[in-house]
Number of protein chains: 2
Amino acid sequence: MKQIADAAGVHRSTVSRALDPKKRHLVADDVVERIVSQAEILGYRPNRIAANLRLGRSDLVGVLLPDIANPVFAPILGGITETLSAAGYAPIVAEAGNAASEQISLVETVLSQRVDGLILATVSQDDELVGFCIRRGVPVILVNRSEARDRVSSVVSDDALGMRLAVDHLAGLGHRRIAHIAGPLSTSTGTLRREGFESAMSRHALPGIVREAAAYSRSAGAEATAHLLATSGDITGIAAANDLLALGVLDALRERGLRCPDDMSVIGHNDMPLMDVVSPPLTTVRIEHREMGRIAARMLVDAIKNGSTDIQHVVLRPELVVRSSADPPRSTS
Amino acid sequence: MKQIADAAGVHRSTVSRALDPKKRHLVADDVVERIVSQAEILGYRPNRIAANLRLGRSDLVGVLLPDIANPVFAPILGGITETLSAAGYAPIVAEAGNAASEQISLVETVLSQRVDGLILATVSQDDELVGFCIRRGVPVILVNRSEARDRVSSVVSDDALGMRLAVDHLAGLGHRRIAHIAGPLSTSTGTLRREGFESAMSRHALPGIVREAAAYSRSAGAEATAHLLATSGDITGIAAANDLLALGVLDALRERGLRCPDDMSVIGHNDMPLMDVVSPPLTTVRIEHREMGRIAARMLVDAIKNGSTDIQHVVLRPELVVRSSADPPRSTS
DNA sequence: AGCGTTACTGCAATCGATTGCAAATTGTCA
DNA sequence: TGACAATTTGCAATCGATTGCAGTAACGCT
């Protein structure tokens, strides 16, 4: 920059102004042109670090995901990066383990990069992480999962509606004995979907059977299903809180020699990639994850730029995707 | 930091030294203690941006992926983030489109964040991106795909071996008419796997039938398969360059009323997540993507820290995973 | 006592931008 | 012609660390 100033015969500050679109009007046109062409010649690249030091920002946003390999989070991350980079920000991704203490130290690390904001996809219902970030004064947006207390903005799917779609579909097919494989109740999705299941069931005046899985994973889903089948034998339909759990249900059924949908109808949640190609193609509740990421990123950028502290909750509308894993119950019933 | 200096009654530079483990020995023990405790009290957080400005670095690494939603890249990214954050670096992820021009401008954006290095998972065989980065003097590591010219380090899978495993398996089952759905030949994986296919076939003294898909996608795989079936009718086995392509093959077979593996054996490549649960469970070639990401990150960190410019190519050993999509051909042959 | 070490600590420059304030130049109007 | 306004440009401080160099004090040794 100094070189440009010398080459153009002006002061560094003039160069700075000439190169900033918002300040360019302060500089005479011919000087601007001289500076710009010199910058071109010298191959000038502004040093964002220096500018950011001065401006007290970093143009960086931290994104915390529970598990990068989980196909649900890939589209979310995609939507986030897309929107963020369009707004001139760059996402720093971090993969959080399970232990809360670990998470805090992970956030410490991310924060040490001086991120301007944070998008969390990891929070549990009552997460100390949120309080931690608030105390640090870092703008935070929750995505996919929300927290019980209303301390920060979030963008999530309408979990209650999603479960209602699933239950209504099963009930509409004629199922009466319907069970729910719940996700970890420490997560908002786990709790909200379970509540959604129960209220939807009671609208049909049906009793709901619920079994909580230890985690959002295939193996946990299989295990929960095994317990379920051992306890309540006459179930004909299962609404899982999550596609991964639904796959676990399928695993458990297969192991017991039961067929889906013939012996048992199964509905998932999320419509992860490839759910149309599993066997049987999974009827599930679709959530627009990519859009979720986009909105979250947009809200965060807004919060950073305008310093707006008002919290708002965006709730996306899920949609039932009917494939082949749910059929009417066998006529024997 | 100035506050700490005042509170402890020393100069800022002393504080800096006391807080840096590598320089702490230059400061008297009691002073260190005073400074550390004051830092604690004042809740001091070092400003990495300032330090990095001075040190001319950013502790940031750019990661370019062709498509975040593609399940193959999620584990790679996972391995990268894991290793990077352990080394004190943070990954900035960017999703590259297809157009090369777009990619360059994307890299410009990433580079404007002053990243210390770059990991590219996007390159084509002869990619101007690589030259661009070299000219800019940014350390680069290629992952998953390599380039034809040997200008930078890379970590990839042994594509030739992978295809040989697939072909040997099919041939071992008794198949004689085997086709290959190749990936885009502009990518190293496309070319190398095709070459691997052909040389493996000739080892068995079999003629190889090859059809190139327009992209690594299900629809492109289905399309290529449709062409293939229309042209050469007596094929009994297909080795796809990629699981996504293999899923496309399955789609095309289904549409024609052909069953897998009864009418046609299919082998994929990559062993993406969920390939065990599709119908039929896919026999495929497993690649340790997460490990690939780890190694790439480690190599990049090494290149950044030691400024080592020597290029090296790490080649990972793939492994055949036998599931249910490949059986002996029907006895009619 | 005198001299050379060693151990600390302070000073001030530096990294590369941004920006409020002041100065210089030119233009405008009465 | 003089006063005042508008337009440009320069000056220098600032963001928050790092570090080479120099200076001081304490210590050891003969």
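This is a predicted model, so every value here is computed, not measured. As a basis for the values below, the full set of heavy atoms in this structure was taken, side chains included, without hydrogen atoms, waters or symmetry mates.
Take B:Arg57 and apply the salt bridge (charged side-chain N to carboxylate O under 4.0 Å, His left out) test, not counting sequence neighbours, and it matches B:Asp59. Residues forming a side-chain contact (heavy atoms from CB on, under 4.5 Å) with A:Asp29 (at least two apart in sequence, or on another chain): none. Residues meeting the side-chain contact (heavy atoms from CB on, under 4.5 Å) test with B:Asn306, sequence neighbours left out: B:Asp302, B:Ser308.
The minimum heavy-atom distance linking A:Ile304 with A:Pro139 is given by the pair CG1-CG, 4.3 Å. Of all non-hydrogen atoms in B:Ala215 and B:Pro184, the two that sit nearest each other are CA-CG, 3.6 Å. Minimum heavy-atom separation, A:Ser157 to A:Val315: C-CG1, 4.0 Å.
For the pair B:Lys2 NZ and C:dG10 C1', the computed distance is 16 Å after rounding to whole Å. Counting to the nearest Å, the P atom of C:dC15 and the CZ atom of B:Arg114 are 13 Å from each other. The distance between atom CG of A:Asn47 and atom C1' of C:dA17, rounded to the nearest whole Å, is 7 Å. The separation between B:Arg45 atom CZ and D:dA17 atom P is 12 Å, rounded to whole Å. Straight-line distance from the CZ atom of B:Arg57 to the C1' atom of D:dA17: 11 Å, rounded to whole Å. Here C:dA17 presents its C1' atom at 15 Å from CG of B:Asn52, a figure rounded to the nearest Å. A:Ile49 has its CD1 atom 10 Å from the P atom of C:dG16, to the nearest Å. Between the CD1 atom of B:Ile4 and the C1' atom of D:dA17 there is a distance of 12 Å, given to the nearest Å.
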Side-chain polar contacts of residues 35-43 of chain A - donor-acceptor pairs under 3.5 angstrom, sequence neighbours left out - could you list them?
from, atom 1, to, atom 2, distance (Å)
A:Ser37, OG, A:Glu33, O, 3.4
A:Ser37, OG, A:Arg34, O, 3.0

Per-pair distances, 0.1 Å, donor-acceptor, side chain in residues 5-12 of chain B, under 3.5 Å, sequence neighbours excluded:
from, atom 1, to, atom 2, distance (Å)
B:His11, ND1, B:Ser13, N, 3.1
B:His11, ND1, B:Ser13, OG, 3.0

Show me, pair by pair, the donor-acceptor contacts under 3.5 angstrom made by side chains of residues 68-81 of chain A, not counting sequence neighbours?
from, atom 1, to, atom 2, distance (Å)
A:Asn70, OD1, A:Val72, N, 2.9
A:Thr81, OG1, A:Leu77, O, 3.0
A:Thr81, OG1, A:Gly78, O, 2.8

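When distances are taken from the side chain of B:Val27 to each of D:dA17, C:dA17, C:dT9, the shortest belongs to C:dT9. Closest contact between the side chain of A:Pro46 and the listed nucleotides C:dA17, C:dG16, D:dA17 involves C:dA17. Taking every side-chain heavy atom of A:Ala51 into account, C:dA17 is the closest of D:dA17, C:dA17, C:dT9.
The nearest heavy atom of DNA chain C to B:Ala50 and to B:Ala28 marks one nucleotide each, and the one closer to the 5' end goes with B:Ala28.
Residue A:Thr14 places no side-chain N or O under 4.0 Å from the OP1 or OP2 atom of D:dT9.
Within a heavy-atom distance below 4.0 Å of DNA chain C, the residues of residues 36-44 of chain A found are A:Tyr44. Contacts between residues 16-25 of chain B and DNA chain D, defined by a heavy-atom separation below 4.0 Å, involve B:Ser16, B:Arg17, B:Lys23, listed by number.
Using a 4.0 Å heavy-atom distance criterion, B:Leu55 is classed as a sugar-phosphate-only contact.
Contacts classified as salt bridge (Lys or Arg N to Asp or Glu O under 4.0 Å) and involving residues 63-83 of chain B (residues at least two apart or in different chains) are given here: B:Glu82-B:Arg290, B:Glu82-B:Arg294. Contacts classified as salt bridge (Lys or Arg N to Asp or Glu O under 4.0 Å) and involving residues 105-125 of chain A (residues at least two apart or in different chains) are given here: A:Glu108-A:Arg136, A:Glu108-B:Arg45.
By the 4.5 Å heavy-atom criterion applied to side chains, B:Leu120 and B:Asp127 are not counted as neighbours.
In this model, no donor atom of one side chain and acceptor atom of the other lie less than 3.5 Å apart for B:Arg298 and B:Thr83.
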Practice task
Please report the C-alpha distance between A:Thr187 and A:Arg145 in whole Å, then the side-chain angles of each, then the deciding distance to 0.1 Å, and finally whether the side chain to side chain donor-acceptor pair (under 3.5 Å) criterion is met.
Solution key: CA-CA 7 Å; A:Thr187 64; A:Arg145 300 180 188 170; 5.0 Å; no
Show me the protein contacts with nucleotides 12-14 of chain C, counting only N or O atoms at under 3.5 Å.
from, atom 1, to, atom 2, distance (Å)
C:dT14, O2, B:Arg54, NE, 3.4

Problem - Letter per nucleotide, 5' to 3', of nucleotides 22-28 of chain C [B base touched, S only sugar-phosphate touched, - untouched; heavy atoms, 4.0 Å] - result: -------
